[in-house]
Structures are given as structure tokens and as C-alpha cells.
Amino acid sequence: MPRTLIVAAALCLTVPCALLAQGKGIRLWNLTTATITGFQLSPAGQNNWGPNQTLNDKDKEVDHDERLRLTGIEPGRYDAKVSYAGSKQCVVRDIEIKADAVVSIADKDLKDCTN
């Protein structure tokens, strides 16, 4: 067996294991009926909002039924500030975020909305 084929086979066996060990990370799933233009998290009850996570997306917004990888977030309980085009902002309170999990936000979750 040629040496390059052996190296390629070894890579095929090791790379998937490394990718599985990393997990998919924490993701937001937009189940609202509109495109999210801002998504910020704060530890529950603290109103200490972190960076706009939608800036991690290639088009800087999260369409309906789109998922977004959240960065710099540890598992725990959070409040989320959700912003839409124009000036509409809503808060979703006391979300439990788990490691390598998907957090979904739907219209029924939106509270304390302002325009």
C-alpha cells in the first residue's frame, strides 16, 4: 500500500474522532415568524447584556428556521434580548442553556416587547 494512502487512511480515522469530541456547540434556532437582527444574552435576572450574537452569522441576521452558533456562552440560565428590524425588541426570561444543545425561541416565548 503506498505511503500516501496509509496517511490518508490514518487521517480519516483520527479527524472524525476529533470533530466528535468538540461537539457542535450551543446553537440558537429561530422559530419566530420574523428574522432576528439582534440576540444578546445576560445571566438570568442581571440585565448585563453580552455581545450581539447575530454578528456571528454570515449575513448578520437569523432568518426563520435558521440556526446560529452562539459563542462565548457557558451552560447556565440566561435571559435573552431578541431584536427585529425596525425597533422591536423582546425579552425571553430564564432560558436554560445546556452544552452542545439547541436553544429554540418561538413567538410564544417573547415577552416584554417594545417597539
Side-chain angles (χ1 to χ4, degrees):
M1 190 181 287
R3 178 179 239 165
T4 54
L5 191 55
I6 293 171
V7 170
L11 283 174
C12 287
L13 292 174
T14 58
V15 171
C17 291
L19 291 175
L20 287 175
Q22 289 179 352
K24 291 187 175 186
I26 299 168
R27 288 139 1 254
L28 166 68
W29 187 9
N30 180 12
L31 295 178
T32 68
T33 54
T35 298
I36 294 174
T37 58
F39 187 81
Q40 295 172 272
L41 292 169
S42 169
Q46 293 186 18
N47 290 328
N48 184 17
W49 303 107
N52 181 359
Q53 294 283 334
T54 63
L55 299 178
N56 299 333
D57 190 69
K58 63 183 176 207
D59 65 358
K60 311 297 186 227
E61 54 189 26
V62 186
D63 297 324
H64 167 73
D65 201 31
E66 182 180 0
R67 294 183 189 198
L68 171 72
R69 186 178 187 129
L70 303 178
T71 60
I73 302 298
E74 295 295 323
R77 297 199 82 77
Y78 291 88
D79 295 334
K81 186 187 299 183
V82 183
S83 303
Y84 296 95
S87 60
K88 182 179 178 181
Q89 283 189 340
C90 300
V91 175
V92 181
R93 302 247 180 239
D94 203 29
I95 302 168
E96 183 177 6
I97 295 181
K98 297 178 181 178
D100 295 323
V102 175
V103 177
S104 63
I105 302 293
D107 288 335
K108 66 179 178 55
D109 300 319
L110 302 174
K111 308 288 184 211
D112 303 325
C113 295
T114 60
N115 287 322

- Identify the two heavy atoms, one from Lys60 and one from Leu55, that lie closest to each other, and give their separation to 0.1 Å. NZ-O, 3.3 Å
- Message: Under 4.5 Å between side-chain heavy atoms, counting indirect links through other Ile/Leu/Val/Met/Phe/Trp/Tyr residues: same cluster for Val91 and Phe39 or not?
- Response: no
- Task: Mind listing the closest non-hydrogen atom pair of Glu66 and Glu61 along with its distance?
- Result: OE1-O, 3.7 Å
- Query: Honestly curious: do Leu31 and Val103 fall in one hydrophobic cluster under the side-chain, below-4.5 Å linking rule?
  - Reply: no
- According to a 4.5 Å side-chain heavy-atom criterion applied to Ile, Leu, Val, Met, Phe, Trp and Tyr, with indirect links allowed, do Leu28 and Tyr84 form part of one hydrophobic cluster? yes
- Query: Can you tell me if Ser83 and Gln89 form a side-chain donor-acceptor pair at under 3.5 Å?
  - Reply: yes
- Task: Verify whether one side chain among Thr71 and Asn56 offers a donor that lies under 3.5 Å from an acceptor in the other.
- Result: yes
- Message: I'd like to know if Asp100 and Lys24 make a salt bridge, using a cut-off of under 4.0 Å between side-chain N and carboxylate O.
- Response: no
- Item | Side chain Arg27, main chain Gly25, donor-acceptor under 3.5 Å | yes
- Query: Quick one: do the Asp107 and Thr33 side chains pair a donor with an acceptor below 3.5 Å?
  - Reply: yes
- Shortest non-hydrogen separation from Val92 to Leu110 and the atoms involved: CG2-CD2, 3.9 Å
- Value for CG (Leu70) from CD (Gln53), rounded to nearest 0.5 Å, stands at 5.0 Å
- Item | Whether Gln40 side chain and Pro51 backbone form a donor-acceptor pair below 3.5 Å | no
- Report whether Trp29 and Leu41 are members of the same hydrophobic cluster (ILVMFWY, side-chain heavy atoms less than 4.5 Å apart, transitive linking). no
- Message: Are there over 12 heavy-atom neighbours, none belonging to Glu74, within less than 6.0 Å of that residue's CD?
- Response: no
- Task: Nearest 0.5 Å please: distance from the CD1 atom of Ile105 over to the SG atom of Cys90.
- Result: 10.5 Å
- Taking every heavy atom of Asn48 against every heavy atom of Ser42, the minimum-distance pair comes out as N-OG, 2.8 Å
- Using modelled atom types only, decide if a donor and an acceptor are shared between the side chain of His64 and the backbone of Thr32 within a distance under 3.5 Å. yes
- Query: Rounded to the nearest 0.5 Å, how far apart are CG of Asn30 and CG of Leu68?
  - Reply: 9.5 Å
- Looking at Asp57 and Arg69, does any basic side-chain N land under 4.0 Å from a carboxylate oxygen? no
- State yes or no: do Ile95 and Ile36 share one hydrophobic cluster built from I, L, V, M, F, W and Y residues joined by side-chain heavy-atom distances below 4.5 Å, directly or via other members? yes
- Task: To the nearest 0.5 angstrom, please state how far the CG atom of Asp109 sits from the OG atom of Ser104.
- Result: 6.5 Å
- Query: Are Trp49 and Asp79 linked by a side-chain donor-acceptor pair shorter than 3.5 Å?
  - Reply: no
- Query: Would Asp63 and Thr35 count as having a side-chain donor-acceptor pair, cut-off 3.5 Å?
  - Reply: yes
